[in-house]
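Working notes, structure below.
First the proteins, then the strands, lettered A, B, ... as listed; each starts at 1.
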2 protein chains.
Amino acid sequence: MTQVADQGRDRISRRQVDKFEERRKQLADSALRTLAELGYARTSLRDIAQNSEFSHGVLHYYFRDKVDLITQCVRQYKTECVKRYDHIVADADTADGLAHGFADAMAATLRDDAAMHRLWYDLRNQSLFEESFREDVLQIDDSLERMIARIVDQYAELAGRPTAFPPAVTYALYDGLFQQALLRHIAGDPEASADLAAHVLRTLPATLAEA
Amino acid sequence: MTQVADQGRDRISRRQVDKFEERRKQLADSALRTLAELGYARTSLRDIAQNSEFSHGVLHYYFRDKVDLITQCVRQYKTECVKRYDHIVADADTADGLAHGFADAMAATLRDDAAMHRLWYDLRNQSLFEESFREDVLQIDDSLERMIARIVDQYAELAGRPTAFPPAVTYALYDGLFQQALLRHIAGDPEASADLAAHVLRTLPATLAEA
DNA sequence: GTGATGTCTTGACACTCGTCAAGCTTTTCC
DNA sequence: GGAAAAGCTTGACGAGTGTCAAGACATCAC
């Protein structure tokens, strides 16, 4: 028992630890899907268990408490989310191609992963009230900012002009645009994703300074 | 009884209706303060009542249910929030003066009203999960967008140049910047508000097109 | 004053929540 | 194959939730 506390003890077979970590991830995944559906305020541990193939008691076997579970979810969300855009940077060989790739990817993930994105904004907001998540949220936010910076930097290089703003400003712009589009999309506006792509295309040149 | 349902019936003295509305507002105000402190997910009706001078039962006398109360809160928040910036537009007579007034006001409200702002973002996010608040949230968001548009339009006029982006884009930028600053401010970053002001000053010229 | 009406408190209800202990089932190891 | 450990289920607990009915208190009209 109390496996959670003392994973670090010696002489646990590698196999066991892996299995333990694997199930943690699996359960956190069920939790993520449930949270994305219901939102933080309405999701209980029983809801999460019901969306998995286990009963509610098992959650306390793999997680110290609810905060531990949600924290694991937040961390897991990060790894899933951040890499998603990197192929855009890798594939593009013209500024215009990069711009369209970026705009299309934003629009696509808005349509396809709306539930996950609203969960991210929900959890980021919870961190304004609950200190426990804050550090992880700040880390994720930072990695998102760097992801945007990579794209804009690459765009600037392909365009042969320097960037005009610090990464934080550029990130704020695209985060704001995405959030606005998400609200409209979920409210049923069919133009939301197309407008988002258009806004991205239009603002990208403005993130560059004079040659 | 069930005063809530049939306010509309005839022959209620004007005085009574006023008193009823007044108390509703007073209770919604207590609710706002409590929500700003605890966040939507952690605020119960008993918490709200405890932050007022009444007992928890009275809430059900003045509001149909919890959603009714929160909706009233959201609406009340709007009137308190939107007017705040209008004097900036009225007072400014140079582009630079307007820019500094805007930047300083953003920084000031970030410091002074952080709790209320995080509540707004919290409730806006709830509307992504709970349809009941959505209409009111969209209305408030719209009026915030128009508020930003008034400032940028005035700035453009004083500078003698046209604006470069549609209002939605400009709003997304400043909303994004403010949210980022709020996260940093609440996380304890003492530079958050100063950086916000700097970012606002730096981006305002970029919202204008070539003369 | 006296009843009627509006306002508010109290206490209870049915329910859900996070947590956890006890025990059952499966896997692991010698 | 059998003991020990890991993995999982069940059912319960105390606390907290939204809701609401019953009644106390206050205010008003007459």
Side-chain angles (χ1 to χ4, degrees), chain A residues 1-27 30-31 34-35 38-73 126 130 132, chain B residues 1-27 30-31 34-35 38-73 126 130 132:
Chain A
M1 66 185 73
T2 175
Q3 173 76 280
V4 177
D6 52 357
Q7 298 170 44
R9 78 189 128 108
D10 347 21
R11 315 204 48 242
I12 275 195
S13 76
R14 178 100 188 112
R15 178 108 174 281
Q16 256 174 48
V17 175
D18 284 356
K19 236 183 138 187
F20 188 80
E21 268 315 308
E22 210 171 312
R23 180 114 312 164
R24 260 177 78 96
K25 279 180 189 144
Q26 181 188 353
L27 287 169
S30 297
T34 313
L35 284 163
L38 301 177
Y40 175 83
R42 287 160 211 76
T43 301
S44 73
L45 294 179
R46 284 170 175 83
D47 290 329
I48 292 170
Q50 209 148 19
N51 260 14
S52 78
E53 44 178 341
F54 304 101
S55 67
H56 71 270
V58 85
L59 289 171
H60 193 259
Y61 182 74
Y62 286 99
F63 300 94
R64 198 183 324 112
D65 53 18
K66 197 182 181 183
V67 170
D68 188 25
L69 168 58
I70 306 267
T71 303
Q72 172 74 18
C73 288
Q126 292 312 312
E130 177 112 18
S132 356
Chain B
M1 67 183 74
T2 173
Q3 175 74 279
V4 177
D6 52 356
Q7 301 169 42
R9 78 187 129 106
D10 351 21
R11 314 205 46 243
I12 276 196
S13 78
R14 178 102 187 110
R15 177 113 172 277
Q16 257 173 50
V17 175
D18 285 355
K19 234 181 140 187
F20 188 79
E21 269 315 309
E22 211 172 310
R23 181 116 312 162
R24 259 177 79 96
K25 278 178 191 146
Q26 180 188 353
L27 287 168
S30 296
T34 313
L35 284 162
L38 302 176
Y40 174 83
R42 289 160 210 76
T43 301
S44 73
L45 293 180
R46 283 170 175 81
D47 291 329
I48 292 169
Q50 210 148 18
N51 260 13
S52 79
E53 44 179 342
F54 303 99
S55 67
H56 70 271
V58 84
L59 289 171
H60 193 260
Y61 181 75
Y62 286 99
F63 301 94
R64 198 184 319 109
D65 53 17
K66 198 182 182 182
V67 170
D68 188 25
L69 168 58
I70 306 268
T71 303
Q72 172 74 19
C73 288
Q126 292 312 313
E130 178 112 18
S132 358

Across all chains, not counting sequence neighbours, the side-chain contact (heavy atoms from CB on, under 4.5 Å) partners of B:Q50 are none
note: A:E53, atom CD; D:dG7, atom P; distance rounded to Å ~ 15 Å
Test side-chain contact (heavy atoms from CB on, under 4.5 Å), reference A:V67, set A:D65, A:I70, A:L69, output is A:D65
A:I48 atom CD1 is separated from C:dC17 atom C1', nearest whole Å, by 12 Å
From CG of A:L27 across to C1' of D:dG7 the rounded distance in Å is 11 Å
To the nearest angstrom, the CZ-P distance between B:F20 and C:dT7 comes to 7 Å
To the nearest angstrom, the CZ-C1' distance between A:F54 and D:dA6 comes to 13 Å
Applying side-chain contact (heavy atoms from CB on, under 4.5 Å) to A:S30 and not counting sequence neighbours gives A:R33, A:S52
By side chain to side chain donor-acceptor pair (under 3.5 Å), A:S55 pairs with (sequence neighbours left out) none
5' to 3', nucleotides 17-24 of chain D under a 4.0 Å protein heavy-atom cut-off (B base, S sugar-phosphate only, - none) gives SBBS----
B:Y61 atom OH is separated from C:dG6 atom P, nearest whole Å, by 7 Å
A:K19 NZ to C:dT26 C1', in whole Å, measures 9 Å
Taken in chain and number order and not counting sequence neighbours, the residues that satisfy side chain to side chain donor-acceptor pair (under 3.5 Å) with A:T71 are none
Sorted by chain and residue number, the salt bridge (Lys or Arg N to Asp or Glu O under 4.0 Å) partners of A:R46 (sequence neighbours excluded) come out as none
To the nearest angstrom, the CD-C1' distance between B:Q50 and C:dT9 comes to 14 Å
